[in-house]
Number of protein chains: 2
Amino acid sequence: MTDRLSVIFAALADPTRRAILARLAEGEATVTELAEPFDISLPAISRHLKVLENAGLISRSRSAQWRSSRLEAGPLREATAWMERYRRFWDENFARLDAHLKRLQEEKP
Amino acid sequence: MTDRLSVIFAALADPTRRAILARLAEGEATVTELAEPFDISLPAISRHLKVLENAGLISRSRSAQWRSSRLEAGPLREATAWMERYRRFWDENFARLDAHLKRLQEEKP
DNA sequence: CGGTCATTTAACCCTCCCGTTAATTAACGG
DNA sequence: CCGTTAATTAACGGGAGGGTTAAATGACCG
């Protein structure tokens, strides 16, 4: 699980972390501010932040004793870029057309 | 980790599973066909398929002793829909503009 | 300097994930 | 039937993930 995309998806696979990202979309925040809505300990939040930072989804800056986190959406762009390859499968119409074309192609030879 | 989105992202967080999806984009395939490119045992593949099925990313049909898998991209649409909320952060220009507007707003009052 | 606040690290659980091999189920074909 | 092929289930092990509490770090402040 050492590849970049896996790390990104794994980071997103936790509701707490996604909620943290949602919060950061409204602006930077410190660890305690981020922890406030959740019913889990501060060390747990601290680790979630480390996971997000590791995935490149946030960056962190320290000023005095506060460390504020900042949303970095670049990895999300990478993730959607990967999914983009499958976009044609989302469209029912395309799927039906595609199946139809495949059937034709198999009947030909 | 019971929510739908988490299950989807978790399923995508494995390179083998993403490779299986890529293979299925070219058409249905049986378990042994899907296992062929990988250096892992058949039971392992079988479980990966169960994870993908659980996430709704594939559907399966049985004909005789073969069980073929079929790509279902619906969940990918859901996942990108979630990420879509952050699209504005991908664009550097927007980010700079956004920061600028925020600065203005803070200077006002 | 001593206290206090913000955050991280350490140490420890427990559960889930990914892999293995061995055994089991299911269906076909002589 | 029996053997073969396809796939899953069972049982196990190692390691990662998410949580906890207690202790350590770092920076402000009186």
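Fair warning: this is a prediction, and the values are worked out from it, not measured in the lab. Order of the sequence lines sets the chain letters (A, B, ...), proteins ahead of strands, with each chain counted from 1.
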Given [options], the nucleotide with the shortest approach to the side chain of [X]:
X      : options                   : result
P43(B) : dA6(D), dG19(D), dT20(C)  : dT20(C)
Q65(A) : dA6(C), dT21(D), dG18(D)  : dA6(C)
R17(A) : dG18(D), dA10(D), dT20(D) : dG18(D)
T16(B) : dT8(C), dG19(C), dT20(D)  : dG19(C)

> When rounded to the nearest 0.5 angstrom, what is the spacing between OG in S6(B) and CG in D14(A)?
Replying inline: 6.5 Å
> Quick one: on DNA chain D, does R67(A) or S68(B) contact a more 5' nucleotide (nearest heavy atom)?
Replying inline: S68(B)
> Partner of dG30(C) by Watson-Crick or G-U wobble geometry, both contacts under 3.5 Å, or none?
Replying inline: dC1(D)
>> Could you check whether the side chain of R47(A) and the base of dG19(D) have a donor-acceptor pair of N or O atoms closer than 3.5 Å, going by distance alone?
In response: yes
Shortest non-hydrogen contact from [X] toward [Y]:
X      : Y      : value
A73(A) : Y86(B) : CB-O, 4.0 Å
F9(A)  : L12(B) : CD1-O, 3.4 Å
A22(B) : R85(A) : CB-NH2, 3.5 Å
A11(B) : A55(B) : CB-CB, 3.8 Å
A29(B) : E33(B) : CA-OE1, 3.2 Å

Does [X] put a side-chain nitrogen or oxygen below 4.0 Å from OP1 or OP2 of [N]?
X      : N       : result
K50(B) : dT9(D)  : yes
H48(A) : dG19(D) : yes
S46(B) : dA7(D)  : no

Could you check how far [atom1] of [X] sits from [atom2] of [N], rounded to whole Å?
X      : N       : atom1 : atom2 : answer
I20(B) : dA7(D)  : CD1   : P     : 13 Å
L42(B) : dT5(D)  : CG    : C1'   : 11 Å
L52(A) : dT8(C)  : CG    : P     : 12 Å
E53(A) : dT8(C)  : CD    : C1'   : 12 Å
I45(A) : dG18(D) : CD1   : P     : 12 Å
N54(A) : dG18(D) : CG    : C1'   : 16 Å

>> Between T80(A) and R87(B), do the side chains contain a donor N or O and an acceptor N or O under 3.5 Å apart?
In response: no
> Do you see a donor-acceptor pair shorter than 3.5 Å between the side chains of S68(B) and S61(B)?
Replying inline: yes
> By a strict heavy-atom criterion of less than 4.0 Å, which residues belonging to residues 30-41 of chain B are in contact with DNA chain C?
Replying inline: D39(B), I40(B), S41(B)
>> The test is side chain to side chain contact (heavy atoms under 4.5 Å, CB included); show your working for L5(B) and R18(A) and say whether it passes.
In response: CA-CA 10 Å; L5(B) 222 35; R18(A) 289 199 307 279; 3.7 Å; yes
> Which of residues 55-63 of chain B have a heavy atom under 4.0 Å from DNA chain D?
Replying inline: R60(B)
